[in-house]
Amino acid sequence: MQSFDAIVIGAGVIGSSVAYHLARLGAQKVLVLDRLQIGSGTSTQSSGILRTHYSVIENVELAKRSWSVFNDFAGYLGDEEMSAGLVKCGYLICSPDGPKLAPLRAALEGQRSMGIEVQLIDAAAAREMLPIAHFDDAALIGYEPEAGFADAYLVATGFARAARRLGVKIMEGVNVERLLMDGGRVVGVETSQGTFLSPTVISTQNIWAGDIERWTGVPTPVKAERHAVLALEGPEAYSFKMPVFKDLGSPGMLYCRSYGGNQMLVSEGTVGETLAQPDNEQGDISMDYVVEVGAQVAERFPSFGEAGLASSWTGVYDVTPDWNPVLGRLPDVPGLIVGYGFSGHGFKLSPGVGRVLAQEALGLPTDVSLAPYAHERFRSGHLLSGKYGLGAVS
Ligand SMILES: Cc1cc2nc3c(=O)[nH]c(=O)nc-3n(C[C@H](O)[C@H](O)[C@H](O)COP(=O)(O)OP(=O)(O)OC[C@H]3O[C@@H](n4cnc5c(N)ncnc54)[C@H](O)[C@@H]3O)c2cc1C
């Protein structure tokens with residue numbers, strides 16, 4: 001039986017980042033196990049948007065630390081061949097008068113208080129950046145220049161490749177079947193390919209985190225929620241130079257970005273379809289739904305009234321009751337550390353989260369306190385609820 005300093009379950013953007021940071025922080029023997037392949041979970045379904053805009057201030061700090069990694073991915077990993085596929089186009093967010101206005105103002109102030117550049121702009125300036133949209137109803141528009149989108153598959157495989165270079169062993173096609181316990185603490189995992197020993201196991205299983213409940217009896221407050229993403233082709237291009245756009249005035253709190261330099265990627269930022277079982281297979285997208293989202297898009301982007309559907313896909317979020325992740329140790333299970341429940345916004349946090357989970361696993365001080373993200377919050381009622389209501393802005 002092989003022994004390791006730490007075992008990571010799952011090789012999505014979070015697990016790959018944890019593995020890389022474990023090695024970078026000095027762990028000698030690290031094993032990553034994924035039942036399928038690196039990035040084959042929900043990460044590859046991601047829209048890839050990167051921003052530090054959050055109404056939950058703790059997330060701003062994690063996103064800010066993560067942005068500095070995305071902004072120089074090759075430099076951070078010490079490998080000039082690496083790319084996160086970053087398109088640094090900025091992030092525009094606007095709200096009309098109404099319930100989203102005060103949360104937007106507070107969130108923009110919160111970002112500024114954390115030293116992040118945020119500009120308050122008028123409708124004319126917004127139209128210059130995004131000339132295919134109108135802003136007639138906007139009561140407040142914020143612009144974050146250091147933002148954009150990137151490619152989650154490149155990031156997961158980039159962290160994995162960098163981890164391997166530092167000596168991490170990554171095994172694909174290995175299903176973890178249970179945690180091994182001895183004397184009340186974790187001592188390893190039993191898998192489809194045998195037993196691996198370690199006093200530290202880090203679970204980054206996303207929608208499959210319910211395994212933890214089956215293995216330990218500790219409730220996993222996460223459900224699998226399917227969301228649809230559409231790529232629309234309109235008469236006017238949504239170019240790479242145009243910012244990511246968040247429309248707090250639309251019923252679906254739409255987010256949009258350039259897709260391929262010409263089309264628009266669009267999705268709703270509200271609650272999706274809860275699945276009975278965790279499953280990231282493609283789901284159906286009805287024509288009624290396409291028409292409904294298309295109508296919201298046309299409200300903001302008039303020429304998209306004539307847009308066609310170029311492609312579409314579904315992806316699954318691991319949603320917790322407050323739409324924020326659970327990070328850190330499970331006190332009832334010594335040796336187990338978890339990172340799940342990213343609720344549709346984990347990509348932009350993945351470098352920072354990987355680093356703090358690795359620090360926690362190695363007994364080092366963490367860059368940010370994990371206390372607000374503790375599993376315990378669902379028992380104590382100190383939830384990390386965002387001010388925009390349920391949805392992935394958080
Ligand atoms: C449609 C969609 C759009 C999104 N858009 C954005 C966005 O714009 N910006 C943003 O920041 N975030 C976004 N997200 C969220 C972000 O993509 C996720 O939070 C992030 O990718 C999750 O990474 P992960 O590593 O936790 O999960 P996954 O990539 O799902 O990785 C989990 C891995 O664990 C493995 N695994 C599970 N159980 C076991 C087991 N028992 N044994 C072995 N392996 C196991 C799985 O095979 C899988 O590879 C979006 C998500 C979706 C679905």
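All values below come from the heavy atoms of this structure, side chains included, with hydrogens, waters and symmetry mates left out. Residues: numbered from 1 along the sequence shown.
Ring pair W313/Y259: centre-to-centre distance below 6.0 Å. With ring centers used as reference points, H21 lies under 6.0 Å from Y76. A distance of 6.0 Å or more separates the ring centres of F347 and F149.
In plain terms, the two heavy atoms of Q296 and G252 that are nearest each other are OE1-N, 2.9 Å. Taking both residues in full, the closest heavy atoms of I93 and Y388 are given as CD1-OH, 4.2 Å, listed atom of the first, atom of the second, then distance. For A84 against A150, the heavy-atom pair with the smallest separation is O-CB, 3.2 Å. Pairing each heavy atom of S250 with each of D247, the nearest pair is OG-O, 2.9 Å. Between E225 and W323, the shortest heavy-atom contact is OE1-CH2, 3.4 Å. In plain terms, the two heavy atoms of S47 and V229 that are nearest each other are OG-CG2, 4.2 Å.
For the side chain to side chain contact (heavy atoms under 4.5 Å, CB included) criterion with V189, the lone passing option out of L180, L197, L33, L31 is L33. Each of F159, W67, Y20 was compared with F73 under the ring-ring contact (aromatic ring centres under 6.0 Å, His included) criterion, and only F159 meets it.
A donor-acceptor pair under 3.5 Å is formed between the side chain of S267 and the backbone N or O of A228. Put simply, the side chain of S385 never gets that close to the backbone of D322: no donor and acceptor are under 3.5 Å apart. No donor-acceptor pair under 3.5 Å is formed between the side chain of S16 and the backbone N or O of A160. For N324 (side chain) and L384 (main-chain N/O), a donor-acceptor pair under 3.5 Å exists by modelled atom type. Here the side chain of H345 pairs no donor or acceptor atom with the backbone of I49 at under 3.5 angstrom. A donor-acceptor contact shorter than 3.5 Å links the side chain of R164 to the backbone of I170. Within the 3.5 Å criterion, the main-chain N or O of D367 finds a donor-acceptor partner in the side chain of Q359. Listed for the R257 side chain is no donor-acceptor partner under 3.5 Å among the backbone atoms of V266. The closest donor-acceptor contact from the side chain of S66 to the backbone of G352 lies under 3.5 Å. With S17 contributing its side chain and S350 its backbone, the two residues share a donor-acceptor pair below 3.5 Å.
One hydrophobic cluster holds both L179 and L330 under the rule that ILVMFWY side chains link at heavy-atom gaps under 4.5 Å. Residues L86 and V69 are members of one and the same hydrophobic cluster, defined by side-chain heavy-atom contacts under 4.5 angstrom among Ile, Leu, Val, Met, Phe, Trp and Tyr. Note on V168 and F196: separate hydrophobic clusters, where clusters join Ile, Leu, Val, Met, Phe, Trp and Tyr whose side-chain heavy atoms are under 4.5 Å apart, directly or indirectly. Note on V326 and Y373: separate hydrophobic clusters, where clusters join Ile, Leu, Val, Met, Phe, Trp and Tyr whose side-chain heavy atoms are under 4.5 Å apart, directly or indirectly. Follow the hydrophobic side-chain contacts under 4.5 Å out from V201 and you never reach L327; the two are in separate clusters.
Taking the side chain as every heavy atom from C-beta outward, C256 and M264 approach each other to under 4.5 Å. Counting only heavy atoms from C-beta outward, the side chains of V290 and S312 never approach each other to under 4.5 Å. Here the side chains of L140 and L108 are in contact, with some heavy-atom distance below 4.5 Å. C94 has its side chain out of reach of Y143: every pair of non-hydrogen atoms, C-beta onward, lies at least 4.5 Å apart. Counting heavy atoms from C-beta outward, K29 and Q2 have side chains that stay 4.5 Å or more apart. When side chains are defined from C-beta on, T191 does not count as touching M171, because their heavy atoms never get closer than 4.5 Å. Using a 4.5 Å cut-off on side-chain heavy atoms (C-beta onward), R185 and P199 make contact. Contact annotation: the side chain of P372 never approaches that of R377 to less than 4.5 Å [non-hydrogen atoms, C-beta and beyond].
Atom-to-atom distance recorded for N262:CG and E233:CD is 5.0 Å, nearest 0.5 angstrom. Going from atom CH2 of W215 over to atom CZ of R178 covers 11.0 Å, rounded to the nearest 0.5 Å. For the atom pair T157 OG1 and Q37 CD, the distance stands at 11.5 Å (nearest 0.5 Å). For the atom pair M181 CE and L336 CG, the distance stands at 8.0 Å (nearest 0.5 Å). Here L362 contributes atom CG and T200 contributes atom OG1; the two are 7.5 Å apart, rounded to the nearest 0.5 Å. In this structure, the separation between CZ on R329 and CG on L357 is 10.5 Å, given to the nearest 0.5 Å.
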Evaluate side chain to side chain contact (heavy atoms under 4.5 Å, CB included) for I38 paired with E172, printing each intermediate quantity in order. CA-CA 7 Å; I38 298 163; E172 296 170 299; 3.3 Å; yes
Using side chain to side chain contact (heavy atoms under 4.5 Å, CB included), reason through I116 and E146 one step at a time and then give a plain yes or no. CA-CA 8 Å; I116 293 162; E146 292 291 308; over 6 Å; no
Give the C-alpha distance, both sets of side-chain angles, the deciding distance and a yes or no for side chain to side chain contact (heavy atoms under 4.5 Å, CB included) between I285 and L230. CA-CA 9 Å; I285 302 176; L230 310 181; 4.3 Å; yes
Can you list the steps and then say if I121 with M129 is a side chain to side chain contact (heavy atoms under 4.5 Å, CB included)? CA-CA 11 Å; I121 61 173; M129 290 178 194; 4.0 Å; yes
Would you check, one step at a time, whether the test salt bridge (Lys or Arg N to Asp or Glu O under 4.0 Å) holds for R105 with E109? CA-CA 6 Å; R105 185 165 283 119; E109 277 165 18; 5.3 Å; no
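In this structure, E61 does not pair ionically with K64, as no charged nitrogen and carboxylate oxygen lie closer than 4.0 Å. A salt bridge is defined here as a Lys NZ or Arg NE, NH1 or NH2 lying under 4.0 Å from an Asp or Glu carboxylate O, and R300 with D137 meets this definition.
Taking the six-membered ring for Trp and thresholds of 30 and 60 degrees, Y238 and F301 have ring planes inclined between 30 and 60 degrees apart.
In the model, T52 has a side-chain atom that pairs as donor or acceptor with a side-chain atom of Q111 under 3.5 Å. For N280 and T42, the side-chain atoms include no donor-acceptor pair closer than 3.5 Å. Between the side chains of S203 and Q205, a donor-acceptor pair is found at a separation under 3.5 Å.
With Y255 as the aromatic partner, K246 does not meet the cation-pi criteria of under 6.0 angstrom to the ring centre and within 45 degrees of the ring axis.
Within 6.0 Å of atom CG in D284, 12 or fewer heavy atoms from other residues, nucleotides or ligands are found, so the atom counts as exposed in its surroundings. Atom CD of E299 sits in a sparse spot, with 12 or fewer heavy atoms from other residues, nucleotides or ligands closer than 6.0 Å.
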